[in-house]
Amino acid sequence: MIYDLGDMLKRYNRRRVTEADGLEAEREKVRSLFQKFAVDVSRMEGWQKVVEFAAVWRKAKTLNGAIESQRLDEPLYCLPEKGLLFVGPTGTGKSTVAKLLSGMTGIHCFPVLSMEMDYDHKGFEIFENDYAYKAMRSGHCILDDLGAEGQRKHYSNPSPLPDILTERWDAWRDWGRLTIVTTNLKISTPDARAATSGESEDPLTVYTRYGERIHSRLMQMCDIVKFKGDDRRLD
């Protein structure tokens, strides 16, 4: 069963963050942080989703902290409904914005490439201290550079990412735990491309890299923010 935000609010006796709680002031703080760190929002299609995510998160945490510190018998505030999926070419600022969000919210950022190295060297079993284990079990997390593990195909073991993304979807569906994902992979499906352009299957997509099941779950648990432009690292 899939629970929407209304179900979660009823199920856990929580309430939404509203404008009456001072949400616009929190949005302005987030925008100011973007300006301070020179985030070019013109390169982000859907950058308002990032601002809203951070603003709701920060305000909910503040309000919940006040309720808990005063030991009031009141329902806590709900965090954002979905996570975020940052997609776009390399060097467009996806990881930069994700790490900025990590600093604003306290959500831990796990680099996918380090996760793959750790998993490959130890085999199939995931131990408690492994990056992969921590990513799957953490309350909320950022998975930075989904698809980077494809650079290490010379190892014999499979990527742990399908298992991790499945765990993250289960955690979102059942407990509202949020995941922010960055990737250079495209998000189109073979059917969508064939209908619009007649292109052959592109290997550099979430669908072709991880399969239909993972693509579907990632699309459901995250709002998409598209990054565009040239590689700024080459400027």
Side-chain angles (χ1 to χ4, degrees), residues 1-4 43-47 49-50 53 80-95 97-98 101 109-117 119-120 124 126 131-132 135-136 138 140-174 176-231:
M1 178 177 181
I2 305 301
Y3 301 99
D4 61 17
R43 298 165 67 95
M44 301 163 58
E45 182 182 320
W47 64 272
K49 297 176 185 177
V50 183
F53 180 96
E81 181 180 2
K82 290 186 175 185
L84 298 168
L85 174 61
F86 296 166
V87 298
T90 184
T92 51
K94 302 182 297 298
S95 295
V97 175
L101 274 178
C109 183
F110 294 91
V112 165
L113 191 56
S114 297
M115 190 184 307
E116 172 72 5
M117 291 171 63
Y119 190 87
D120 275 333
F124 288 94
I126 298 175
Y131 250 75
M136 284 195 288
S138 66
H140 309 279
C141 75
I142 299 171
L143 298 177
D144 186 31
D145 209 3
L146 180 68
E149 79 281 2
Q151 299 170 15
R152 298 186 171 271
K153 292 180 181 177
H154 58 281
Y155 290 124
S156 60
N157 294 330
S159 167
L161 268 299
D163 289 342
I164 290 172
L165 292 171
T166 298
E167 287 272 352
R168 296 307 307 166
W169 181 79
D170 286 338
W172 169 78
R173 177 194 62 182
D174 295 336
R177 292 176 180 172
L178 303 170
T179 307
I180 298 172
V181 180
T182 77
T183 183
N184 295 336
L185 299 174
K186 301 173 185 176
I187 56 172
S188 59
T189 63
D191 290 342
R193 283 197 307 278
T196 57
S197 63
E199 293 180 10
S200 59
E201 186 170 292
D202 187 343
L204 299 177
T205 69
V206 172
Y207 186 97
T208 52
R209 179 71 178 83
Y210 301 109
E212 181 179 8
R213 181 172 63 95
I214 297 301
H215 175 271
S216 172
R217 292 180 175 187
L218 195 57
M219 295 302 103
Q220 186 183 30
M221 71 180 187
C222 295
D223 285 326
I224 299 170
V225 180
K226 295 182 178 179
F227 287 66
K228 58 187 179 181
D230 298 327
D231 189 340

Trainee: With sequence neighbours left out, what residues match Ala98 under side-chain contact (heavy atoms from CB on, under 4.5 Å)?
Mentor: Phe86, Ile142, Thr182
Trainee: Heavy atoms, side chains only, cut-off 4.5 Å: are Trp172 and Arg217 in contact?
Mentor: no
Trainee: Heavy atoms, side chains only, cut-off 4.5 Å: are Asp145 and Asn184 in contact?
Mentor: yes
Trainee: Working to the nearest 0.5 Å, report the span between CG of Leu146 and CG of Leu85.
Mentor: 8.0 Å
Trainee: Restricting to non-hydrogen atoms, name the atom on Phe53 and the atom on Gly83 that form the minimum distance, rounded to 0.1 Å.
Mentor: CE1-CA, 4.2 Å
Trainee: Counting only heavy atoms not in Lys82 (residues, nucleotides, ligands), do more than 12 fall under 6.0 Å from its NZ?
Mentor: yes
Trainee: Counting distance only, does the side-chain N/O of Lys94 pair as donor-acceptor with the main-chain N or O of Pro89 below 3.5 Å?
Mentor: yes
Trainee: Quick one: does any side-chain atom of Tyr210 pair with a main-chain N or O of Gly147 as donor and acceptor, under 3.5 Å?
Mentor: yes
Trainee: Quick one: does Ile180's side chain get under 4.5 Å of His140's, heavy atoms only?
Mentor: no
Trainee: Spell out, as yes or no, whether a donor-acceptor pair under 3.5 Å connects the side chain of His215 to the backbone of Ile187.
Mentor: yes
Trainee: Check whether Lys49 reaches the backbone of Ile224 with its side chain - one donor and one acceptor, N or O, closer than 3.5 Å.
Mentor: yes
Trainee: From Lys228 NZ over to Thr92 OG1, what is the distance, rounded to the nearest 0.5 angstrom?
Mentor: 11.5 Å
Trainee: At their closest point, which heavy atom of Ile214 faces which heavy atom of Pro162, and how far apart are they?
Mentor: CD1-O, 3.6 Å
Trainee: May I ask you to decide if Asp230's main-chain N or O and Arg43's side chain share a donor-acceptor pair within less than 3.5 Å?
Mentor: yes
Trainee: Name the residue from Thr179, Leu178, Val181 that meets the side-chain contact (heavy atoms from CB on, under 4.5 Å) definition with Cys141.
Mentor: Thr179
Trainee: Between CZ of Arg213 and CH2 of Trp169, what distance do you get to the nearest 0.5 Å?
Mentor: 9.5 Å
Trainee: Can you list everything that forms a side-chain contact (heavy atoms from CB on, under 4.5 Å) with Asp170? Sequence neighbours excluded, please.
Mentor: Thr166, Arg173
Trainee: Any side-chain heavy-atom pair from Leu101 and Leu84 closer than 4.5 angstrom?
Mentor: yes
